[in-house]
Amino acid sequence: RADVSGSAVTAIQDRRRRQLTWPVIYPSRPPFNVSCDGTTNDTSTLQIALNAAWASGNTIVLEGTCLADTLTLLSGTLLTGPGTLTATGDIAYIIDIPSTASGLIVKDLSITGVSGNDSTIGIRIGGTRVRVENVTIAGIRRGIRTTSTASNIRIRDCTITGANNSYVGIDIVGSSDVLVDGCRCSGGSLDRCVQWTTVAQNIRVVNNFSADTVAYGFGGNPDEGGASTGLNVVVANNISRGSTGASIGHGFSIDGTQRAAVVGNIALSNTSAGFFIGDNNSRDSAFVGNISASNSQSGFVLTQAQGSTVVGNVAKSNSSSGFRAEPAIADAVNTIAFVGNTAVDNGVNHTGNLDSGFGLQSAGSTIVGNVAEGNRRHGIYAANHNGQAFVGNVAEDNNKTISTFSGMFFEGSVTDAAIVGNVSRRRAATDQVNGIVLADVNVADNLVMANSLADNTTAISDSSTRAQLAF
(Lines give C-alpha, C1' and ligand atoms only; values in the text may rest on other atoms or scores of the structure.)
Protein backbone atom coordinates (compact mmCIF):
# COMPACT_ATOMS: atom_id res chain seq x y z
CA ARG A 1 0.00 0.00 0.00
CA ALA A 2 1.37 3.42 -0.91
CA ASP A 3 2.24 5.88 1.82
CA VAL A 4 -0.25 8.61 2.63
CA SER A 5 0.87 12.02 1.37
CA GLY A 6 1.72 14.65 3.94
CA SER A 7 -1.06 16.79 2.45
CA ALA A 8 -3.76 14.20 3.14
CA VAL A 9 -4.65 15.67 6.51
CA THR A 10 -8.12 14.14 6.68
CA ALA A 11 -6.84 10.60 6.18
CA ILE A 12 -4.22 11.06 8.90
CA GLN A 13 -6.76 12.46 11.33
CA ASP A 14 -9.02 9.49 10.63
CA ARG A 15 -6.13 7.12 11.35
CA ARG A 16 -5.45 8.89 14.63
CA ARG A 17 -9.09 8.46 15.68
CA ARG A 18 -8.83 4.74 14.95
CA GLN A 19 -5.64 4.52 17.00
CA LEU A 20 -7.60 5.68 20.00
CA THR A 21 -10.25 2.99 19.65
CA TRP A 22 -8.67 -0.04 17.92
CA PRO A 23 -6.47 -2.61 19.71
CA VAL A 24 -2.74 -1.96 19.71
CA ILE A 25 -0.24 -4.18 17.93
CA TYR A 26 2.51 -5.87 19.95
CA PRO A 27 5.16 -7.11 17.47
CA SER A 28 6.62 -9.59 19.96
CA ARG A 29 3.25 -11.36 20.28
CA PRO A 30 1.20 -13.34 17.73
CA PRO A 31 0.70 -13.09 14.84
CA PHE A 32 4.06 -11.37 14.25
CA ASN A 33 6.15 -13.09 16.95
CA VAL A 34 9.14 -10.77 16.54
CA SER A 35 11.92 -12.14 18.76
CA CYS A 36 13.01 -8.90 20.50
CA ASP A 37 15.44 -10.97 22.56
CA GLY A 38 18.44 -8.69 22.05
CA THR A 39 20.37 -11.18 19.90
CA THR A 40 18.20 -11.91 16.83
CA ASN A 41 18.15 -9.44 13.92
CA ASP A 42 14.48 -8.41 13.96
CA THR A 43 14.56 -5.93 11.09
CA SER A 44 12.39 -7.68 8.51
CA THR A 45 9.70 -9.01 10.87
CA LEU A 46 9.55 -5.75 12.79
CA GLN A 47 9.13 -3.75 9.58
CA ILE A 48 6.21 -6.02 8.62
CA ALA A 49 4.56 -5.31 11.97
CA LEU A 50 5.15 -1.56 11.55
CA ASN A 51 3.57 -1.59 8.09
CA ALA A 52 0.60 -3.59 9.38
CA ALA A 53 0.04 -1.11 12.20
CA TRP A 54 0.21 1.75 9.74
CA ALA A 55 -2.25 0.07 7.35
CA SER A 56 -4.78 -0.53 10.11
CA GLY A 57 -4.23 2.77 11.87
CA ASN A 58 -3.22 1.05 15.10
CA THR A 59 -0.59 1.99 17.66
CA ILE A 60 2.47 -0.27 17.71
CA VAL A 61 3.98 -1.03 21.11
CA LEU A 62 7.51 -2.41 21.38
CA GLU A 63 8.42 -4.83 24.18
CA GLY A 64 11.77 -6.33 24.96
CA THR A 65 15.01 -5.46 23.14
CA CYS A 66 14.62 -5.46 19.37
CA LEU A 67 17.84 -5.67 17.35
CA ALA A 68 17.37 -3.90 14.02
CA ASP A 69 18.86 -2.22 10.99
CA THR A 70 17.01 0.79 9.57
CA LEU A 71 13.26 0.84 10.21
CA THR A 72 11.11 3.16 8.08
CA LEU A 73 8.04 4.83 9.56
CA LEU A 74 5.16 5.91 7.33
CA SER A 75 2.64 8.71 7.73
CA GLY A 76 0.41 8.58 10.77
CA THR A 77 2.46 5.95 12.62
CA LEU A 78 2.36 5.98 16.42
CA LEU A 79 5.33 4.00 17.77
CA THR A 80 5.72 3.65 21.51
CA GLY A 81 7.59 1.67 24.16
CA PRO A 82 8.48 0.55 26.75
CA GLY A 83 10.82 -1.55 24.62
CA THR A 84 14.35 -0.87 23.31
CA LEU A 85 15.66 -0.63 19.76
CA THR A 86 19.32 -1.58 19.39
CA ALA A 87 21.43 -1.07 16.26
CA THR A 88 22.81 -4.21 14.62
CA GLY A 89 26.07 -2.37 13.87
CA ASP A 90 27.37 0.81 12.30
CA ILE A 91 24.23 1.46 10.25
CA ALA A 92 22.97 4.77 8.81
CA TYR A 93 19.82 5.15 10.92
CA ILE A 94 17.82 3.05 13.35
CA ILE A 95 14.54 4.89 12.72
CA ASP A 96 14.05 6.71 9.42
CA ILE A 97 11.14 9.12 8.89
CA PRO A 98 11.33 10.00 5.18
CA SER A 99 10.41 13.33 3.59
CA THR A 100 7.10 11.86 2.36
CA ALA A 101 5.93 11.03 5.89
CA SER A 102 3.73 13.27 8.02
CA GLY A 103 1.83 13.17 11.29
CA LEU A 104 3.98 10.68 13.27
CA ILE A 105 4.61 10.13 16.96
CA VAL A 106 7.57 8.25 18.50
CA LYS A 107 7.49 8.10 22.29
CA ASP A 108 8.51 6.24 25.45
CA LEU A 109 11.27 4.24 23.75
CA SER A 110 14.93 3.49 24.38
CA ILE A 111 17.40 3.49 21.47
CA THR A 112 20.91 2.17 21.98
CA GLY A 113 24.03 1.59 19.95
CA VAL A 114 26.70 -1.06 20.01
CA SER A 115 30.47 -0.80 19.92
CA GLY A 116 31.59 0.80 16.65
CA ASN A 117 28.48 2.94 16.03
CA ASP A 118 30.62 5.69 14.50
CA SER A 119 28.07 6.83 11.88
CA THR A 120 24.67 5.82 13.21
CA ILE A 121 21.78 8.24 13.71
CA GLY A 122 19.16 7.16 16.23
CA ILE A 123 16.16 8.90 14.62
CA ARG A 124 16.45 10.64 11.26
CA ILE A 125 13.53 12.99 10.56
CA GLY A 126 12.88 14.21 7.03
CA GLY A 127 9.10 14.52 7.25
CA THR A 128 6.64 17.04 8.67
CA ARG A 129 4.49 17.23 11.79
CA VAL A 130 6.58 14.77 13.78
CA ARG A 131 6.64 14.40 17.57
CA VAL A 132 9.41 12.63 19.47
CA GLU A 133 8.71 12.43 23.19
CA ASN A 134 10.38 10.81 26.19
CA VAL A 135 12.89 8.85 24.12
CA THR A 136 16.20 7.78 25.70
CA ILE A 137 19.18 7.47 23.33
CA ALA A 138 22.61 6.19 24.29
CA GLY A 139 25.84 5.23 22.54
CA ILE A 140 25.02 6.53 19.05
CA ARG A 141 26.90 9.13 16.99
CA ARG A 142 23.90 11.43 16.45
CA GLY A 143 20.88 10.96 18.65
CA ILE A 144 18.22 12.76 16.59
CA ARG A 145 18.80 14.53 13.28
CA THR A 146 16.27 16.67 11.40
CA THR A 147 17.04 17.29 7.72
CA SER A 148 16.38 20.15 5.31
CA THR A 149 12.97 18.71 4.36
CA ALA A 150 11.78 18.50 7.97
CA SER A 151 9.36 21.05 9.41
CA ASN A 152 6.92 21.33 12.29
CA ILE A 153 9.02 19.03 14.50
CA ARG A 154 8.51 18.72 18.26
CA ILE A 155 11.19 16.99 20.36
CA ARG A 156 10.32 16.87 24.05
CA ASP A 157 11.66 15.32 27.25
CA CYS A 158 14.32 13.18 25.59
CA THR A 159 17.52 11.99 27.30
CA ILE A 160 20.73 11.55 25.32
CA THR A 161 24.10 10.33 26.59
CA GLY A 162 27.40 10.33 24.70
CA ALA A 163 29.58 7.46 23.65
CA ASN A 164 31.56 8.48 20.57
CA ASN A 165 33.67 11.46 19.56
CA SER A 166 31.89 14.17 17.56
CA TYR A 167 28.67 12.91 19.08
CA VAL A 168 25.71 15.28 18.83
CA GLY A 169 22.57 14.88 20.88
CA ILE A 170 20.07 16.72 18.66
CA ASP A 171 21.26 17.87 15.23
CA ILE A 172 19.04 20.38 13.37
CA VAL A 173 20.28 20.54 9.76
CA GLY A 174 18.60 23.18 7.60
CA SER A 175 15.18 22.39 9.06
CA SER A 176 12.39 24.83 9.84
CA ASP A 177 9.96 25.18 12.75
CA VAL A 178 11.70 22.85 15.22
CA LEU A 179 11.07 22.82 18.97
CA VAL A 180 13.47 21.13 21.40
CA ASP A 181 11.95 21.31 24.87
CA GLY A 182 12.88 19.72 28.18
CA CYS A 183 15.64 17.43 26.91
CA ARG A 184 18.76 16.39 28.82
CA CYS A 185 22.25 15.61 27.51
CA SER A 186 25.28 14.31 29.37
CA GLY A 187 28.43 12.30 28.90
CA GLY A 188 32.14 13.00 28.54
CA SER A 189 32.17 11.94 24.87
CA LEU A 190 29.18 14.06 23.91
CA ASP A 191 30.46 16.96 21.80
CA ARG A 192 27.28 19.05 21.62
CA CYS A 193 23.85 18.70 23.16
CA VAL A 194 21.82 20.67 20.60
CA GLN A 195 23.29 22.20 17.44
CA TRP A 196 21.81 23.90 14.38
CA THR A 197 23.48 24.15 10.97
CA THR A 198 22.88 25.00 7.30
CA VAL A 199 20.61 27.99 7.94
CA ALA A 200 18.07 26.24 10.12
CA GLN A 201 15.11 28.60 10.56
CA ASN A 202 12.53 29.29 13.24
CA ILE A 203 14.18 27.09 15.86
CA ARG A 204 13.25 27.04 19.56
CA VAL A 205 15.59 25.44 22.08
CA VAL A 206 14.02 25.83 25.52
CA ASN A 207 14.16 24.33 29.02
CA ASN A 208 16.97 21.88 28.26
CA PHE A 209 19.94 20.75 30.37
CA SER A 210 23.45 19.92 29.16
CA ALA A 211 26.29 18.62 31.34
CA ASP A 212 29.93 17.74 30.63
CA THR A 213 29.88 18.13 26.86
CA VAL A 214 33.21 18.46 25.04
CA ALA A 215 32.58 21.36 22.62
CA TYR A 216 29.54 23.26 23.87
CA GLY A 217 26.09 22.69 25.26
CA PHE A 218 23.97 24.58 22.72
CA GLY A 219 24.83 26.45 19.52
CA GLY A 220 25.30 26.89 15.81
CA ASN A 221 28.05 24.88 14.16
CA PRO A 222 29.59 26.56 11.08
CA ASP A 223 31.96 23.63 10.57
CA GLU A 224 29.03 21.57 9.29
CA GLY A 225 27.01 23.20 6.52
CA GLY A 226 28.66 26.61 6.17
CA ALA A 227 29.14 29.90 8.01
CA SER A 228 25.42 30.72 8.30
CA THR A 229 23.97 28.27 10.80
CA GLY A 230 20.59 29.64 11.82
CA LEU A 231 17.98 32.35 11.38
CA ASN A 232 15.30 33.31 13.92
CA VAL A 233 16.53 31.09 16.74
CA VAL A 234 15.20 31.22 20.32
CA VAL A 235 17.44 29.82 23.05
CA ALA A 236 15.68 30.22 26.39
CA ASN A 237 15.81 28.84 29.94
CA ASN A 238 18.52 26.28 29.24
CA ILE A 239 21.40 25.25 31.53
CA SER A 240 24.85 24.32 30.25
CA ARG A 241 27.17 23.07 32.94
CA GLY A 242 30.75 21.94 32.69
CA SER A 243 31.63 21.80 28.98
CA THR A 244 35.05 20.16 29.23
CA GLY A 245 36.79 20.68 25.87
CA ALA A 246 40.42 21.78 26.09
CA SER A 247 40.08 24.37 23.31
CA ILE A 248 36.35 25.01 23.04
CA GLY A 249 34.15 24.03 25.94
CA HIS A 250 31.68 26.93 25.73
CA GLY A 251 28.35 26.76 27.48
CA PHE A 252 26.54 28.41 24.56
CA SER A 253 28.06 29.07 21.11
CA ILE A 254 25.79 31.38 19.12
CA ASP A 255 27.97 31.13 16.01
CA GLY A 256 26.81 31.95 12.50
CA THR A 257 23.34 32.82 13.78
CA GLN A 258 21.27 35.88 12.91
CA ARG A 259 18.24 37.23 14.73
CA ALA A 260 18.66 35.02 17.79
CA ALA A 261 16.92 35.60 21.12
CA VAL A 262 19.08 34.17 23.90
CA VAL A 263 17.09 34.65 27.09
CA GLY A 264 17.25 33.43 30.68
CA ASN A 265 19.95 30.79 30.22
CA ILE A 266 22.65 29.71 32.70
CA ALA A 267 26.25 28.82 31.80
CA LEU A 268 28.19 27.40 34.72
CA SER A 269 31.73 26.04 35.15
CA ASN A 270 32.55 25.59 31.47
CA THR A 271 36.16 25.19 30.29
CA SER A 272 35.99 28.18 27.93
CA ALA A 273 33.43 31.00 27.76
CA GLY A 274 29.96 30.83 29.20
CA PHE A 275 28.48 32.49 26.09
CA PHE A 276 30.41 32.81 22.82
CA ILE A 277 28.92 35.02 20.08
CA GLY A 278 30.86 35.04 16.77
CA ASP A 279 32.95 34.23 14.56
CA ASN A 280 30.81 33.63 11.49
CA ASN A 281 28.11 36.03 10.35
CA SER A 282 26.49 36.40 13.79
CA ARG A 283 24.46 39.60 14.19
CA ASP A 284 21.18 41.33 15.06
CA SER A 285 20.50 39.23 18.14
CA ALA A 286 19.36 39.84 21.72
CA PHE A 287 21.03 38.42 24.83
CA VAL A 288 18.77 39.11 27.78
CA GLY A 289 18.75 37.99 31.40
CA ASN A 290 21.39 35.27 31.13
CA ILE A 291 23.81 34.23 33.90
CA SER A 292 27.41 33.20 33.22
CA ALA A 293 29.40 32.14 36.27
CA SER A 294 32.64 30.37 37.21
CA ASN A 295 33.71 29.67 33.64
CA SER A 296 37.41 29.19 32.86
CA GLN A 297 37.50 32.05 30.36
CA SER A 298 35.12 34.99 29.94
CA GLY A 299 31.47 35.18 30.88
CA PHE A 300 30.38 36.60 27.52
CA VAL A 301 32.62 36.84 24.43
CA LEU A 302 31.46 38.73 21.33
CA THR A 303 33.72 38.47 18.30
CA GLN A 304 31.05 39.03 15.65
CA ALA A 305 27.71 40.38 16.83
CA GLN A 306 27.02 43.58 14.94
CA GLY A 307 23.70 45.22 15.73
CA SER A 308 23.00 43.07 18.79
CA THR A 309 21.74 43.98 22.26
CA VAL A 310 23.16 42.66 25.54
CA VAL A 311 20.72 43.51 28.31
CA GLY A 312 20.33 42.56 31.98
CA ASN A 313 22.89 39.75 32.01
CA VAL A 314 25.16 38.76 34.91
CA ALA A 315 28.80 37.65 34.62
CA LYS A 316 30.27 36.50 37.92
CA SER A 317 33.55 34.90 38.98
CA ASN A 318 34.76 34.08 35.47
CA SER A 319 38.51 33.65 35.06
CA SER A 320 38.89 36.29 32.33
CA SER A 321 36.56 39.18 31.51
CA GLY A 322 32.93 39.46 32.47
CA PHE A 323 31.90 40.86 29.06
CA ARG A 324 34.40 40.97 26.19
CA ALA A 325 33.81 42.51 22.75
CA GLU A 326 36.79 41.89 20.50
CA PRO A 327 36.19 41.91 16.73
CA ALA A 328 37.17 38.86 14.73
CA ILE A 329 37.14 41.05 11.60
CA ALA A 330 36.81 44.81 11.04
CA ASP A 331 33.54 46.29 12.35
CA ALA A 332 32.32 42.87 13.54
CA VAL A 333 31.25 44.06 16.99
CA ASN A 334 30.04 47.55 16.14
CA THR A 335 26.70 49.06 17.12
CA ILE A 336 26.12 46.81 20.13
CA ALA A 337 24.04 47.96 23.09
CA PHE A 338 25.26 46.88 26.55
CA VAL A 339 22.50 47.92 28.93
CA GLY A 340 21.92 47.06 32.59
CA ASN A 341 24.44 44.22 32.81
CA THR A 342 26.44 43.28 35.91
CA ALA A 343 30.06 42.09 36.00
CA VAL A 344 31.26 40.99 39.45
CA ASP A 345 34.52 39.40 40.62
CA ASN A 346 35.85 38.46 37.19
CA GLY A 347 39.44 38.29 35.90
CA VAL A 348 41.26 36.13 38.44
CA ASN A 349 43.50 34.93 35.58
CA HIS A 350 43.65 38.26 33.74
CA THR A 351 46.49 38.79 31.26
CA GLY A 352 45.47 42.00 29.45
CA ASN A 353 43.19 45.01 29.68
CA LEU A 354 40.35 43.22 27.90
CA ASP A 355 40.18 40.88 30.89
CA SER A 356 38.19 43.50 32.80
CA GLY A 357 34.63 43.58 34.04
CA PHE A 358 33.77 44.99 30.61
CA GLY A 359 36.56 44.75 28.01
CA LEU A 360 35.30 46.50 24.88
CA GLN A 361 36.65 47.20 21.41
CA SER A 362 33.57 48.21 19.43
CA ALA A 363 32.57 51.38 17.59
CA GLY A 364 29.19 53.08 17.58
CA SER A 365 27.98 51.13 20.60
CA THR A 366 25.94 52.11 23.64
CA ILE A 367 27.13 51.22 27.14
CA VAL A 368 24.45 52.35 29.58
CA GLY A 369 23.54 51.54 33.17
CA ASN A 370 25.98 48.67 33.69
CA VAL A 371 27.67 47.74 36.96
CA ALA A 372 31.28 46.51 37.31
CA GLU A 373 32.25 45.61 40.84
CA GLY A 374 35.18 43.80 42.41
CA ASN A 375 36.83 42.76 39.15
CA ARG A 376 40.55 41.99 39.18
CA ARG A 377 41.53 44.46 36.45
CA HIS A 378 39.58 47.53 35.27
CA GLY A 379 35.88 47.85 35.85
CA ILE A 380 35.27 49.08 32.30
CA TYR A 381 38.00 49.11 29.66
CA ALA A 382 37.41 50.65 26.23
CA ALA A 383 39.87 50.97 23.36
CA ASN A 384 39.58 52.35 19.83
CA HIS A 385 35.98 53.37 20.30
CA ASN A 386 34.41 55.84 17.91
CA GLY A 387 30.95 57.24 18.44
CA GLN A 388 30.37 55.43 21.72
CA ALA A 389 28.06 56.43 24.57
CA PHE A 390 29.17 55.53 28.11
CA VAL A 391 26.30 56.76 30.28
CA GLY A 392 25.22 56.01 33.84
CA ASN A 393 27.56 53.11 34.50
CA VAL A 394 28.94 52.22 37.92
CA ALA A 395 32.50 50.95 38.52
CA GLU A 396 33.23 50.14 42.13
CA ASP A 397 36.11 48.50 44.00
CA ASN A 398 37.80 47.05 40.92
CA ASN A 399 41.52 46.30 40.26
CA LYS A 400 41.66 43.94 43.19
CA THR A 401 45.15 42.65 42.40
CA ILE A 402 47.24 45.48 40.90
CA SER A 403 46.95 48.98 42.29
CA THR A 404 47.39 50.83 38.99
CA PHE A 405 44.12 49.67 37.45
CA SER A 406 41.05 51.85 37.23
CA GLY A 407 37.32 52.03 37.53
CA MET A 408 37.10 53.13 33.89
CA PHE A 409 40.02 53.12 31.46
CA PHE A 410 39.93 54.57 27.93
CA GLU A 411 42.79 54.46 25.46
CA GLY A 412 43.64 54.51 21.78
CA SER A 413 41.49 56.09 19.11
CA VAL A 414 38.50 57.20 21.18
CA THR A 415 36.59 59.93 19.30
CA ASP A 416 33.04 61.27 19.26
CA ALA A 417 32.34 59.46 22.53
CA ALA A 418 30.06 60.61 25.34
CA ILE A 419 31.34 59.71 28.82
CA VAL A 420 28.56 61.14 30.93
CA GLY A 421 27.01 60.55 34.34
CA ASN A 422 29.11 57.56 35.33
CA VAL A 423 30.14 56.64 38.87
CA SER A 424 33.65 55.37 39.58
CA ARG A 425 34.44 54.95 43.26
CA ARG A 426 36.15 52.80 45.82
CA ARG A 427 35.23 51.78 49.33
CA ALA A 428 38.19 49.56 50.29
CA ALA A 429 41.58 51.22 50.75
CA THR A 430 43.35 48.58 48.67
CA ASP A 431 41.10 48.88 45.61
CA GLN A 432 40.72 51.06 42.52
CA VAL A 433 43.37 53.79 42.61
CA ASN A 434 42.17 55.70 39.52
CA GLY A 435 38.59 56.74 38.95
CA ILE A 436 38.79 57.34 35.19
CA VAL A 437 41.89 57.11 32.99
CA LEU A 438 41.99 58.77 29.58
CA ALA A 439 45.21 57.47 28.06
CA ASP A 440 46.33 59.04 24.77
CA VAL A 441 42.77 60.26 24.25
CA ASN A 442 42.09 63.68 22.72
CA VAL A 443 39.50 65.00 25.14
CA ALA A 444 38.50 67.75 22.74
CA ASP A 445 37.07 65.09 20.44
CA ASN A 446 34.76 63.71 23.13
CA LEU A 447 32.08 64.79 25.58
CA VAL A 448 33.23 64.06 29.14
CA MET A 449 31.10 65.50 31.92
CA ALA A 450 29.05 65.02 35.08
CA ASN A 451 30.86 61.89 36.25
CA SER A 452 31.20 61.09 39.95
CA LEU A 453 34.72 59.98 40.91
CA ALA A 454 34.55 59.75 44.68
CA ASP A 455 37.07 58.20 47.06
CA ASN A 456 39.64 57.13 44.46
CA THR A 457 43.27 57.98 45.16
CA THR A 458 43.32 59.76 41.78
CA ALA A 459 40.02 60.95 40.35
CA ILE A 460 41.30 61.44 36.84
CA SER A 461 44.73 60.34 35.71
CA ASP A 462 45.49 63.24 33.34
CA SER A 463 45.26 66.67 34.97
CA SER A 464 44.70 68.35 31.61
CA THR A 465 41.27 66.74 31.45
CA ARG A 466 40.05 67.79 34.88
CA ALA A 467 38.42 70.97 33.68
CA GLN A 468 36.21 68.97 31.36
CA LEU A 469 34.62 66.95 34.15
CA ALA A 470 32.08 68.06 36.71
CA PHE A 471 32.44 66.03 39.88
Side-chain angles (χ1 to χ4, degrees), residues 137 142-146 153 155-162 166-173 175 178-187 190-225 229-245 248-280 282 285-293 295 297-302 305 308 313:
I137 302 176
R142 311 257 165 164
I144 300 171
R145 169 177 278 182
T146 66
I153 309 302
I155 302 169
R156 290 188 172 95
D157 301 321
C158 293
T159 300
I160 303 173
T161 56
S166 299
Y167 183 98
V168 179
I170 298 171
D171 191 11
I172 304 169
V173 183
S175 313
V178 178
L179 170 67
V180 181
D181 181 4
C183 295
R184 182 183 180 93
C185 302
S186 63
L190 180 62
D191 260 19
R192 300 170 290 277
C193 180
V194 180
Q195 75 168 23
W196 51 90
T197 70
T198 325
V199 201
Q201 299 187 43
N202 303 323
I203 309 302
R204 289 171 291 161
V205 180
V206 298
N207 306 317
N208 303 287
F209 178 80
S210 174
D212 302 323
T213 54
V214 174
Y216 50 79
F218 307 91
N221 185 2
D223 294 331
E224 299 182 10
T229 63
L231 180 66
N232 302 331
V233 178
V234 175
V235 183
N237 301 324
N238 304 284
I239 298 174
S240 183
R241 177 179 61 81
S243 295
T244 56
I248 327 174
H250 304 308
F252 297 80
S253 181
I254 312 302
D255 199 352
T257 304
Q258 298 186 31
R259 299 205 297 268
V262 183
V263 180
N265 303 284
I266 298 174
L268 180 66
S269 301
N270 297 285
T271 299
S272 294
F275 293 80
F276 175 80
I277 302 100
D279 281 329
N280 297 272
S282 302
S285 296
F287 303 87
V288 181
N290 302 287
I291 297 174
S292 185
N295 299 288
Q297 293 185 13
S298 299
F300 296 79
V301 176
L302 295 84
S308 295
N313 302 282

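Counting begins at 1 with the first residue of the sequence.
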Is a donor from one side chain sitting under 3.5 angstrom from an acceptor on the other, for Ser298 and Asn295?
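Asn295 and Ser298 do not have a side-chain donor-acceptor pair below 3.5 Å.
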Does a side chain donor of either Thr229 or Thr257 reach within less than 3.5 Å of an acceptor in the other side chain?
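Yes, Thr257 and Thr229 have a side-chain donor paired with an acceptor closer than 3.5 Å.
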Measure from the ring center of His250 to the ring center of Phe276 and say whether it is less than 6.0 Å.
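That pair passes the under 6.0 Å test.
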With [X] via side chain to side chain donor-acceptor pair (under 3.5 Å) - residues at least two apart:
{"X": "Gln201", "answer": "none"}
{"X": "Asn221", "answer": "Gln195"}
{"X": "Ser285", "answer": "none"}
{"X": "Asn208", "answer": "Asn238"}

What's the spacing between [X] [atom1] and [Y] [atom2] if we round to 0.5 Å?
{"X": "Ile160", "Y": "Cys185", "atom1": "CD1", "atom2": "SG", "answer": "5.0 Å"}
{"X": "Ser175", "Y": "Trp196", "atom1": "OG", "atom2": "CH2", "answer": "13.0 Å"}
{"X": "Asp171", "Y": "Glu224", "atom1": "CG", "atom2": "CD", "answer": "6.0 Å"}
{"X": "Asp181", "Y": "Asp157", "atom1": "CG", "atom2": "CG", "answer": "6.5 Å"}
{"X": "Thr197", "Y": "Asp255", "atom1": "OG1", "atom2": "CG", "answer": "12.0 Å"}

Can you name the nearest heavy-atom pair linking [X] to [Y], along with the distance?
{"X": "Thr198", "Y": "Gly225", "value": "OG1-CA, 3.6 Å"}
{"X": "Ser210", "Y": "Gly217", "value": "OG-CA, 3.5 Å"}
{"X": "Gly264", "Y": "Asn290", "value": "N-OD1, 3.2 Å"}
{"X": "Arg145", "Y": "Val173", "value": "NE-CG2, 3.8 Å"}

List for me each residue that meets side chain to side chain contact (heavy atoms under 4.5 Å, CB included) alongside Ile239, sequence neighbours excluded, and say none if there are none.
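With sequence neighbours excluded, Ile239 shows a side chain to side chain contact (heavy atoms under 4.5 Å, CB included) to Phe209, Ile266, given in chain and number order.
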Side-chain contact, heavy-atom cut-off 4.5 Å: [X] with [Y]?
{"X": "Val180", "Y": "Arg204", "value": "no"}
{"X": "Asn265", "Y": "Val235", "value": "yes"}
{"X": "Ser240", "Y": "Leu268", "value": "no"}
{"X": "Ile144", "Y": "Ile155", "value": "yes"}
{"X": "Leu179", "Y": "Val206", "value": "yes"}

Cysteines Cys158 and Cys183 with SG distance under 2.5 Å:
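No.
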Partners meeting ring-ring contact (aromatic ring centres under 6.0 Å, His included) with Phe275 (sequence neighbours left out):
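Testing Phe275 for ring-ring contact (aromatic ring centres under 6.0 Å, His included), a comparison that skips the adjacent residues, returns Phe252, Phe300.
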